[in-house]
Amino acid sequence: MIGHARRRVDARGKVTGQTIYADDISLPRMAYCKLLRSPHPHARIRSIDTSRALAHPGVYLVLTGKDLPIKYGILPVSQDETPLCVDRVRHVGDPVAAVIAREELTAADALELIEVDYEILPTIADPEEALANPEPRIHDYSEEGNIHKRVAFEFGDVDKGFAEADEIFEDTFFFQGNTHLPMEQHASVAVRDREGKLTLYTSTQTPHYLHRALSKVLEMPAGHIRVVATPCGGGFGGKSDPFNHEFVVSKAALMLGRPVKISLTREEVFYCHRGRHPMLMKFRTGVKKDGTITAMHLQNVIDGGAYGSYGVASTFYGGTLQTTTYHIPKYRYQGARFFTNKPPCGPKRGHGTPQPRFGQEVQIDKIAEKLKIDPAELRLRIAVKPNELTANFLQLGTVGLEQCIRRVVAISGWKDKFRKLPEGRGVGLACSCYLTGAGLSIYWNAMPHSGIQLKLDRSGCVTLFAGTTEIGQGSDDVLAAMVAEVLGIKTFDIRVYSGDTDLGPVDLGSYSSRVTLMAGNAAIQAAERAKAMMAEAVADKLEVPKERLRFADSAVFDAAAPEKRVTFVEAICLAEARFGTIGTVGSYTPPKFPAAKYKGGGVGTSPAYTFSATVVEVDVDTATGLVRVAKLWNTHDLGRALNPVLARGQVEGSIYMGLGEALMEEQDYRRLPSRLSHALVHKFPSMLDYKTITSLDMPEIVTEFIEGPDARGPFGAKECGQGPLLPVMPAVANAIYDAVGVRIDEVPMTPEKIVRALAEKKAGRAPRYGPDHFPEMSWGEPLRVPPPWDGGDGRAINEPPRQPKPSREKEKVLTP
Amino acid sequence: MAAKREAPVESQKTARIKMVLNGEAQDVVFAPYKTLLEVLREDLGHTGTKHGCELGECGACAVIMDGKPVLSCLVLAVDCDGREILTVEGMETDGRLHPLQEAFADLGGMQCGYCTPGILLTAKSLLDHNPHPSRAEIREALSGNLCRCTGYLQIFDAVEAAMVEIAKRGETTK
Amino acid sequence: MMRLPLFDYRTPRTVAEAAQILDGEGPEAMVIAGGTDLLPNMKRRQQTPRTLVSLRRIEGLSGAHLDHSASQLGSCLTLAEIAEDPRFRNGCSALWQAASMVATPHIRNMATLGGNICLDTRCMFYDQSYEWRQAINFCKKKDGETCWVANSSPRCMAVSSTDTGPALMALGARVILHSARGEREVTLADLYNNDGREYLTRRPDEIVSDIRLGPLHGWRSTYWKLRRRGSFDFPVLSVAAAARFSHDGVVEEARIVVGSAASRPLVAEEAARSLLNRRLEPEVIEEATTLAARLAKPLDNTDFDMSWRKKVTSQFVTYALRELRGDDMRAERTRVMHSQADGVS
């Protein structure tokens with residue numbers, strides 16, 4: 001079972017069209033909802049007149065911000081959204097009203113009958129404008145002006161580290177924002193059920209967080225709300241926030257007493273966004289002649305968009321994991337997230353880490369060249385070691401980075417290619433590290449992060465209840481496989497119910513590569529408990545010691561005398577007779593991470609870290625700058641591949657998405673001449689113009705798993721669905737340099753930029769395209785934490801006294 | 001403000017056509033502004049056909065019409081009178097999955113599954129017309145179907161595996 | 001889900017009947033064939049015809065009579081029918097290549113030659129939903145006053161984005177237009193206007209029924225298309241070139257057309273003339289390239305940076321002329337177009 005290629009449990013539904021996604025749900029008397037969205041990037045709402053829309057034939061209900069005034073947000077520290085804007089719109093596409101009608105076309109037509117009186121406000125398009133214009137503030141709760149959040153840490157005396165360096169490298173990089181673009185547009189159906197309670201079917205990755213937010217906004221006990229996360233037609237982080245439309249249809253269904261559906265258009269999905277933050281980054285890195293890093297200083301200016309979303313976490317992630325790939329003895333990180341009048345950014349595959357990883361890996365390529373060390377060799381010299389405690393007190397476990405590098409060098413023919421291919425052809429190498437599930441929950445609590453319930457009965461069916469969401473990654477299958485492995489049955493004998501807050505125990509959601517490890521460990525615990533009960537009952541019956549019993553091939557038998565056996569169904573019957581109804585539970589809480597005691601030290605902690613190395617070979621047309629990726633090799637340390645077909649799919653899918661980001665994907669906005677217009681619009685909110693890789697643009701990929709079971713992973717497994725994305729962008733940049741000798745310090749790396757850099761090269765100037773300035777700003781006093789090797793104990797030496805927990809707005813818990 | 005749309009009018013179900021859906025003749029009644037996509041999903045309950053943009057920019061809604069893959073989001077339902085439509089629901093025959101369905105299920109040809117129906121039908125049409133396509137021909141045939149999960153390679157593998165299986169089944173029936 | 005606005009649907013059986021309907025309905029009616037251009041525009045409320053006059057049930061608009069002396073193509077031939085028909089590879093390979101590279105295989109199964117010739121001009125400020133256009137207070141192409149591409153422009157600067165148009169112009173095509181008032185034949189070049197809004201000289205009551213090609217004997221032609229991806233994308237620059245050679249490789253007649261660089265395909269007359277009575281030696285190609293590329297003045301309203309598109313124009317003219325000369329350009333085609341389509345024939 002474990003480790004073998006196998007058809008996933010949800011395969012049949014997906015190849016026959018039987019899988020029911022949110023928009024496939026249709027219920028009797030169902031009404032349709034459409035949202036009226038702001039055409040202005042920043043404006044005060046003076047008044048809204050809905051009377052004409054309400055009078056329109058076929059319209060049942062019109063809602064505005066006043067009907068749903070309570071704020072929510074995914075993070076307790078940034079509760080800054082309302083389902084419909086109450087008094088202010090903050091980006092084009094911000095919803096201001098909703099029409100619920102008999103037909104979708106009617107609802108859409110009636111939107112035009114709503115009259116909104118706006119008072120236009122000045123707009124902020126990017127962090128530099130935000131810095132220059134503290135007023136008007138997009139949110140009053142921001143740290144200062146339009147700076148949403150600043151973080152600053154210093155681990156060790158960084159200036160001393162630079163003084164010890166033989167060379168100091170300073171580089172500025174820009175990583176443009178991009179979006180998830182799941183194939184399925186968000187959709188939701190809300191129902192007031194026959195008991196009068198609320199059920200919401202929706203395409204979400206985080207039903208539990210949504211459940212909490214619904215309870216807060218609707219002022220209903222969570223126990224009276226059921227969230228059913230339908231299988232997601234792709235998520236990639238884009239369905240991890242609670243979204244406006246989910247509250248609106250819920251409220252409407254409660255008010256109307258009939259089911260209400262919303263199905264967003266593709267353009268609206270671009271306005272939901274929560275994608276990759278644009279980051280402008282300045283790296284300063286000191287190295288010894290042998291490549292040893294003495295210190296690193298990273299400054300990161302982050303464009304957050306109009307709302308908080310996961311942004312505070314993203315601001316930490318914009319620097320926190322820089323220490324987990326290479327040994328950095330002294331590290332200073334200063335990050336600042338700004339509010340701008342654009343759809344909010346949030347978590348996309350790799351959450352906050354791909355951007356600084358791009359800068360770091362390109363800079364290492366530059367360092368290697370200057371020091372005349374092969375980039376692979378340099379990385380091997382400075383790679384982190386197993387069980388290392390990093391400068392910022394992240395506790396690594398298994399580390400397969402060295403093997404990743406050695407193998408990718410071998411299978412790609414690196415040594416025969418690097419700096420040896422003809423002009424126009426080149427190879428580039430990059431590595432990365434990523435986490436397997438965040439060590440902390442989004443809201444502070446002492447409860448498990450994952451729970452699993454199993455029900456076994458005399459039918460022989462094992463029913464698995466999980467709070468996880470199947471977003472395509474194969475979580476249903478992985479959980480079923482682990483239970484099947486423990487109980488010695490087939491996955492076909494297990495029925496999985498996931499993503500339903502009524503049926504399954506709480507799981508924090510399908511994000512941060514946490515499900516396999518966290519829900520997996522919970523599933524193993526639940527299965528082991530069931531197995532123990534069955535073993536006890538079977539041992540009595542067969543009169544053998546229970547320790548000798550084996551569970552395999554849908555039977556339970558004596559390992560010493562396999563003919564002494566009962567079938568799996570008989571074993572359940574024996575257990576049911578002995579113990580009564582059989583149900584077991586398992587739960588998982590990440591281990592405590594005692595090392596990092598400083599405030600903010602919880603971000604970046606994880607039960608296990610994965611490592612990747614990638615080599616890309618590119619063809620660059622020197623006349624036009626057009627790039628074709630010829631081939632790509634990836635090695636990924638995933639602990640253990642539970643189902644190699646799924647694992648390969650996760651790795652290849654990550655690489656595909658990384659290539660798209662490297663070459664073409666960008667979420668970009670357009671301003672019009674200010675004397676004529678105040679518009680600030682998404683340049684191309686469509687699948688045609690937001691460019692993603694097609695079947696004709698995808699190169700062949702060679703993937704190799706580096707397996708070395710991690711004790712914390714279920715059956716040794718670590719993540720494989722995010723980490724392999726991270727090295728792709730820098731590897732492409734490094735390959736372009738190898739091919740034509742120009743540095744593209746910016747993502748995406750488009751032909752225009754390459755041609756410009758080639759022109760610079762021809763003119764004898766720095767052969768580079770990238771940002772040429774970095775804003776001056778006050779970063780605030782960093783939290784100073786001496787690293788372990790300087791005798792640090794994980795505490796900051798200058799930390800102000802903390803407020804008693806929970807320091808945040810006291811949560812109102814409604815009881816049924 | 002510039003031109004408003006024409007005054008909204010309540011749509012009415014007045015169009016009626018006959019078409020053959022997955023091998024069965026059907027009388028279909030629907031609102032005449034609807035595309036084939038909407039009629040399949042909303043009036044006929046065939047939700048296997050998906051949609052990702054409704055503008056012909058993603059391929060998720062592909063179905064086979066009169067033997068050729070087309071985008072159901074850009075086919076007017078009123079224009080389907082007398083036509084034969086095959087959707088993913090019609091790929092199984094005699095309770096047996098089509099070899100493409102088997103191969104996609106086994107070889108990671110789908111993850112989230114949302115682009116899968118459109119890709120299966122496009123691939124079926126390819127294999128119906130060209131039983132032994134090269135990988136380049138497979139790439140070309142599927143170049144109108146976006147997939148955000150797989151990176152396409154396991155999809156190509158699955159089409160190639162199905163191609164072998166279909167040839168094998170053909171041998172045994174000969 | 002994006003929904004179409006309401007419309008009346010008419011299915012005439014003959015061109016004459018269609019022309020009668022158009023005549024009666026006035027400019028509120030529009031012709032629909034494949035629908036792949038019009039229906040997305042209707043969903044985005046760029047076009048909201050009251051009546052759709054379908055050409056799909058008219059017999060005789062889907063024929064292709066190819067002959068070395070004179071050919072006639074029905075406007076309802078689908079692009080896939082052209083791409084799959086080996087007859088098009090000889091003599092009019094530019095058309096075959098152009099048709100093969102339109103959008104995606106699915107769209108080529110639906111879209112027609114006539115529809116692609118008459119493709120609405122495109123612009124990043126126009127090919128957006130009603131709500132998006134509302135956020136910029138609309139534009140000169142539709143409902144607004146300002147051209148956001150060139151603010152002081154007296155006309156709409158939307159870009160001609162047809163693939164087959166430039167290819168057919170290089171092949172010297174003529175089109176037949178039908179209306180209730182009769183039939184007229186114009187060169188394809190004369191069908192186009194350099195105005196993003198009034199981009200066709202076709203009257204609203206006219207139907208493009210056929211495309212006529214002159215003698216193909218001795219002609220070689222090729223089509224180069226710039227786009228970001230291997231499929232889906234409209235051209236953001238294209239070069240179609242055709243030439244008739246003497247038996248010893250001297251150019252006797254030539255046409256070069258630059259597409260997607262203005263509101264109509266641009267005929268590079270001077271460049272084509274510079275090739276006459278010469279062999280396509282490198283310096284001859286260079287001269288023609290300079291002349292042709294001079295015409296292209298791309299603006300910031302398509303994918304890619306405009307100055308880069310301008311730069312690529314000369315590269316593409318060179319590629320096209322080298323291919324006409326007989327160079328094997330398959331490697332360049334793969335590299336810059338991700339294209340599977342073979343070279344010239």
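None of the values given here were measured: they were computed from a predicted structure. Throughout, a chain's letter reflects where its sequence line sits, starting with A, and its residues are numbered from 1.
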query: Measuring heavy-atom distances to chain B, does A:I655 have an atom under 4.5 Å in its side chain, in its backbone, in both, or in neither?
result: neither

query: What residue, out of A:G474, A:G721, A:P699, has the most heavy-atom pairs lying under 4.5 Å from chain B?
result: A:P699

- prompt: Can you tell which of B:G113, B:P117, B:G45 has the highest number of heavy-atom pairs within less than 4.5 Å of chain A?
  reply: B:G113

statement: Comparing A:T694, A:T265, A:I471, A:D689 against chain B, the one with the most heavy-atom pairs below 4.5 Å turns out to be A:T694

task: Using a 4.5 Å cut-off on heavy atoms from C-beta on, say whether the side chain of B:L55 contacts that of A:L688.
output: no

- prompt: Given the rule in the side-chain hydrogen bond (donor to acceptor under 3.5 Å, both in side chains) test, do A:Q650 and B:Q111 qualify, once you have shown the distances and angles that lead to the verdict?
  reply: CA-CA 9 Å; A:Q650 286 301 302; B:Q111 288 181 28; 3.2 Å; yes

A:T16 and its side-chain contact (heavy atoms from CB on, under 4.5 Å) partner, picked from B:Q101, B:H98, B:M91: B:Q101

message: Within residues 56-84 of chain B, which residues come under 4.5 Å of chain A, heavy atom to heavy atom?
response: B:E57, B:C58, B:A60

query: If you take all heavy atoms of B:C53 and A:M687, which pair is closest and at what distance?
result: CB-SD, 3.9 Å

message: Please classify the contact of A:S26 with chain B as side chain, backbone, both or neither, using a heavy-atom distance under 4.5 Å.
response: neither

- prompt: Would you say A:R12 and B:E102 make side-chain contact, with heavy atoms under 4.5 Å?
  reply: no

- prompt: A:I20 versus chain B, heavy atoms under 4.5 Å apart: side chain, backbone, both or neither?
  reply: side chain

statement: Heavy atoms of B:L153 and A:R648 approach each other most closely as CB-NH2, 4.1 Å

query: Given a strict heavy-atom distance threshold of 4.5 Å, which part of B:S143 is in contact with chain A: side chain, backbone, both, or neither?
result: both

message: For the backbone of A:D24 and the side chain of B:T47, can you confirm whether one donor and one acceptor N or O come within less than 3.5 Å of each other?
response: no

- request: Between chain B and each of A:G17, A:G472, A:S695, A:G653, count heavy-atom pairs under 4.5 Å; write down the option with the most.
  value: A:S695

message: For B:G151, is there any backbone N or O sitting under 3.5 Å from a side-chain donor or acceptor partner on A:E652?
response: no

message: Between A:R266, A:Q18, A:R8, who has the most heavy-atom pairs with chain B when the cutoff is under 4.5 Å?
response: A:R8

query: Do you see a donor-acceptor pair shorter than 3.5 Å between the side chains of A:E184 and B:H51?
result: no

query: So which part of A:M657 gets closer than 4.5 Å to some heavy atom of chain B, the side chain, the backbone, both or neither?
result: side chain

- line: One option among B:E54, B:E89, B:K50 has the most heavy-atom pairs under 4.5 Å with chain A, and it is B:K50

message: Can you give me the closest heavy-atom contact between B:C112 and A:G233, atom names plus distance?
response: SG-C, 3.3 Å

message: Let's test your reading of the structure: which of A:S686, A:A101, A:G660, A:S263 forms the most heavy-atom pairs below 4.5 Å with chain B?
response: A:S686

Any donor-acceptor N/O pair, B:Y152 side chain to A:I693 backbone, under 3.5 Å: yes

- request: Pick one of side chain, backbone, both or neither for B:L107, based on which atoms fall under 4.5 Å of a heavy atom in chain A.
  value: backbone

message: Donor-acceptor check, side chain of B:R139 to backbone of A:M698, threshold 3.5 angstrom: yes or no?
response: yes

- prompt: Contact part of B:E92 toward chain A, heavy-atom cut-off under 4.5 Å: side chain, backbone, both or neither?
  reply: side chain

A:M183 side chain near B:L146 side chain, heavy-atom distance below 4.5 Å: yes

- request: Decide if atom CZ of B:R135 counts as having more than 12 heavy atoms of other residues, nucleotides or ligands within a radius under 6.0 Å.
  value: yes

- line: Honestly, the part of B:I155 sitting under 4.5 Å from a heavy atom of chain A is neither

Contact check, side chains of B:D106 and A:V645, non-hydrogen atoms, under 4.5 Å: no

- prompt: Is there a side-chain contact between B:T150 and A:Y656, using heavy atoms and a 4.5 Å cut-off?
  reply: no

- request: For A:G649 and B:Q154, work out which heavy atoms get closest and say how close.
  value: CA-OE1, 3.1 Å

Polar side-chain atom of B:R148 near backbone of A:P182 as donor-acceptor pair, under 3.5 Å: no

message: I'd like to know if B:R41 pairs up with A:D23 as an ion pair, taking the criterion as any Lys NZ or Arg NE/NH1/NH2 lying under 4.0 Å from an Asp or Glu carboxylate oxygen.
response: yes

message: Quick check on B:M110 against chain A: is it the side chain, the backbone, both or neither that has a heavy atom closer than 4.5 Å?
response: both

